[in-house]
Every structure is written in structure tokens, then in C-alpha cells.
2 protein chains.
Amino acid sequence: MDVRQSILEEATRLFAHKGFDGTSVQEVAEAVGIRKPSLLYHFTSKDELRQAVLGDVLARWSDVLPKIFLRASKDEQFDALMEAMSSFFVEDPDRARIILREALDRPDELRALLATHVQPWVEVVAGQLDKGKSRGVVRPEVDTQAYALHVVAMVVSSIALLDSVRIVLGGEPDLATSQKRMMNELFRVARTSLYVTSDKPTP
Amino acid sequence: MDVRQSILEEATRLFAHKGFDGTSVQEVAEAVGIRKPSLLYHFTSKDELRQAVLGDVLARWSDVLPKIFLRASKDEQFDALMEAMSSFFVEDPDRARIILREALDRPDELRALLATHVQPWVEVVAGQLDKGKSRGVVRPEVDTQAYALHVVAMVVSSIALLDSVRIVLGGEPDLATSQKRMMNELFRVARTSLYVTSDKPTP
DNA sequence: CCTACCGATCGGTAGG
DNA sequence: CCTACCGATCGGTAGG
């Protein structure tokens, strides 16, 4: 029904899979079922459409993240956090692809957006982890900021690259199975390298 | 001197930073200092140039990897392997960017190339790690294939995305320092989540 | 390795 | 939301 919304959806899909420069305004318009000039009435320029797509992804991220932090503020923090962040990207892998593409195409622009949408949250997590250090739960050698960043990057790239990379896992070409294996191992790596004991931390 | 080589170098640089679709044959020719039709004499099509660039990266990779494995076949395996793989991409970050871009743009094509250039080596490493399990050095819960894949992906994405992502690390905007911090933490995460004891493994 | 040129497609506008 | 159209640029070819 909402034209603007379906333009955004089709543009997200196409930009994620073919890139911004590899997608023409014509293609997006066709996917929506309107003519090119009609699309350009809603967004005025191709670049404005790109910014809207990126803004939409980051807005949803900024919307979902605080809720996660509130819900997970007691025990099981880590698992809840990991689970919620993963499902944000698993739910729509195009989000991961868009962000990876922007990081490659326009590092300066993305840097500014990450500073407002991601850095504060990494700071919060890093602070929590530092508290965990003094409680003796978190390994003292952890570089908490770099650690948090690595974990986010692993989630994003695991999901965005799974399609090309799953061949390396062995005989099975099944996408869902590969995803589960990668996410399981990712969780294990993240947990083991963070806590002093590999068991669940005592709250 | 060698025209073909300087075309490949400039194309690698431009494709890595602006993407294949974001770079025109004209631009590459200008960077080399020749005219467009002259470039198209050496490569006949833009797509052939792309394949040559990608093939060049993978050829260097296939060239350097066996040497690493021979050199590191005794003790200190892990550190030597990580160090060598990292320096392959640190030496020229455009390699990491090209591979990430191909994974996003043409997953099917890259899948085939990874199957021949990367999978066999992941299999070797995974086999070594499985031996480490029975010797009681490597944690039994490790999914060795998924683990190896995660480590490679972390190295590649750390280097390719560092420019956009380092803002999250805190006040310091220095690129070299951020790289060191990220690589140090990456090594620590990889080592800690692999071995039963966080100390160096007894050979 | 060059000049000259091709049809196709690009993002975007005029005007309704 | 449409038709009609714009100049610029695209990858690629002819011919030397």
C-alpha cells in the first residue's frame, strides 16, 4: 500500500545483492511496479534513496538495541545480548550486507554513523565487561572495546558472507545447517575467550 | 615498465576502493596513463580485467600459503600461521577488500574459487586441530572447520573494515594503533578459544 | 598504442 | 503517478 515503503524494501534488497552502483533507479522502479520518474518524485535522487535505505537499517538497530539492554541487564547478559544481536541480522541478512557494502564504499560516511549508532553501545558493553574484570569473572587480558567490536563484526560478516563461504565447511551445502554451525562456533569462541571459566558465569 | 602489470595494479586499487561497478574502464586507463581502447587491447573486456585482478590475489595466496605450512609444521604452528596469514592482508589491505566485495557481488563465483584455493587448506588445519584434540591440547568442543573459517574471516574483515570501524575503539583515531589493538585482540580471542590452557601449547 | 565513433543505458527534468 | 526527452557516460569496436 505505502509506495515509499515498498520502494525502500525493493531498494534494500537490490542494493544489498548488487550494490548501489550495480543497481539502476530503473531496476528499483520496475521491482516496485512504477516508472522511474515516479520513484524520483518520492526520493528526488538516487543518493537520497541510498541514504534512506541505510538510515532505515540503522533506525531499526537503534530501536531494537535499548530493549535488548534493558531486558538483559541482570544475569544471562551475554547470551541474551548475542542472541538478540544475531537475530537482528539473521531476520534480514540484507541488513548485514548493506552495512558491509557501506563500510567498503563510503568508510568516512559510515564512520560518522557508527559513532552515533554503535559506539555508545559498545562503550556500555565494554564498561560492563570491565566491571566483570574486577569481579574476577572476565579475563583480565581482554581489550573490552576491541573484543566487542570483533564480536559484532563476526556476526555481521558470518551472515553476510555465509553464501560464498559455506563451501569451506565440508560436504554439506545446506544453508540453514551451515548457518547454525557458524553461529554455534561463533558463540563458543566469544564466550570462551571472554570468561575466566568456560562455564556460565555466576551472577 | 610492464603495461599489463600496471593495469592490474591500478585496477586492484580502484576496484578495492570503489567497487567493480563503481569503477569505469576509462578511470583505470587514466590511472595507468593510456587510453581506454589501449587497455581493452590487453584485456578485451572489463569483466576479463576483473577476473584477472581476482585471479592475481588468489594466485599470490596460493603461492604464499604452502610455504607457511612447511615452515610452521612443528611447534609454534598456530602463531606462525596467524602471523603469516595476517601479514598477507596487512601487506596489501586491498586484497581483503577485493575478496569481501566478490563475496557480496558474486557469491557463486567466489564459492567455486574458495573451494579450490581455500578449502583444502582449511581441511589441513582442521585435521591438525583434530589431532590436537586427541592429544588433549585443543578443546574438545571446537568445531574445527567452522573455527578455522571464523579466524580467516576475522582477519579479512578486520583489515578491510578497519577504516570505518576504528572510531568505535574510543578517542584515538590513529590507524596503525587501531590495527595493532584489533590484531592483538584477534590473536588473543583465537588462541584462548582454541587451547585447553591459555598458555602456549606444549609441543 | 592511438583517434574516432557506436548503440545502450545512466540519473535526472519538463510538463502535465 | 505518467510520457517524452535531456546530456553525459558507459563498455566496446573499426581501422590504422
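Chain identifiers are assigned alphabetically (A, B, ...) following the order of the sequence lines, protein sequences preceding nucleic acid strands; residue numbering begins at 1 within each chain. Given the structure is predicted, the values throughout are model-derived calculations rather than measurements.
Taking atom OH of B:Y41 as the reference point, atom P of D:dG15 lies 18 Å away to the nearest angstrom. Computed from coordinates, the B:L40 CG to D:dT13 P distance equals 8 Å when rounded to whole Å. Summarising the geometry, the separation between CZ on A:F20 and P on C:dC10 is reported as 13 Å, rounded to the nearest angstrom. A straight line from NE2 of A:H42 to P of C:dG11 spans 18 Å, rounded to a whole angstrom. Look at CG on A:D21: it is 11 Å from C1' on C:dC10, rounded to the nearest Å. The CG-C1' distance, from B:L39 to C:dC2, rounds to 14 Å in whole Å.
Stacking of A:R101 on the aromatic ring of A:F20 is not recorded, the 6.0 Å distance cut-off and the 45° axial limit not both being met.
For A:K46, the listed nucleotide lying nearest its side chain is C:dG12; candidates were D:dC1, C:dG12, C:dC1.
Between B:R13 and B:D94, no side-chain nitrogen of the basic residue sits less than 4.0 Å from a carboxylate oxygen of the acidic one, so the salt-bridge criterion is not met.
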**Message:** Checking B:K18 against A:D21 for the salt bridge (charged side-chain N to carboxylate O under 4.0 Å, His left out) test, could you report, in this order, the C-alpha distance in whole Å, the side-chain angles of both residues, the deciding distance, and whether it holds?
**Reply:** CA-CA 9 Å; B:K18 314 182 48 170; A:D21 291 312; over 6 Å; no

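Under the Watson-Crick and G-U wobble criteria, each requiring two contacts below 3.5 Å, nucleotide C:dG15 is paired to D:dC2. Here C:dA8 sits opposite D:dT9 as a Watson-Crick or G-U wobble pair (both hydrogen-bonding atom distances under 3.5 Å).
Contacts between residues 24-38 of chain A and DNA chain D, counted as heavy-atom distances below 4.0 Å, involve A:I34, A:R35, A:P37, A:S38.
With hydrogens and angles disregarded, no donor-acceptor distance shorter than 3.5 Å links the side chain of B:K46 to the backbone of B:L40. Remark: side-chain polar atoms of A:E185 are not paired, donor with acceptor, to backbone N or O of A:M182 under 3.5 angstrom.
By the 30° and 60° cut-offs, the orientation of the rings of B:W61 relative to B:F89 is tilted.
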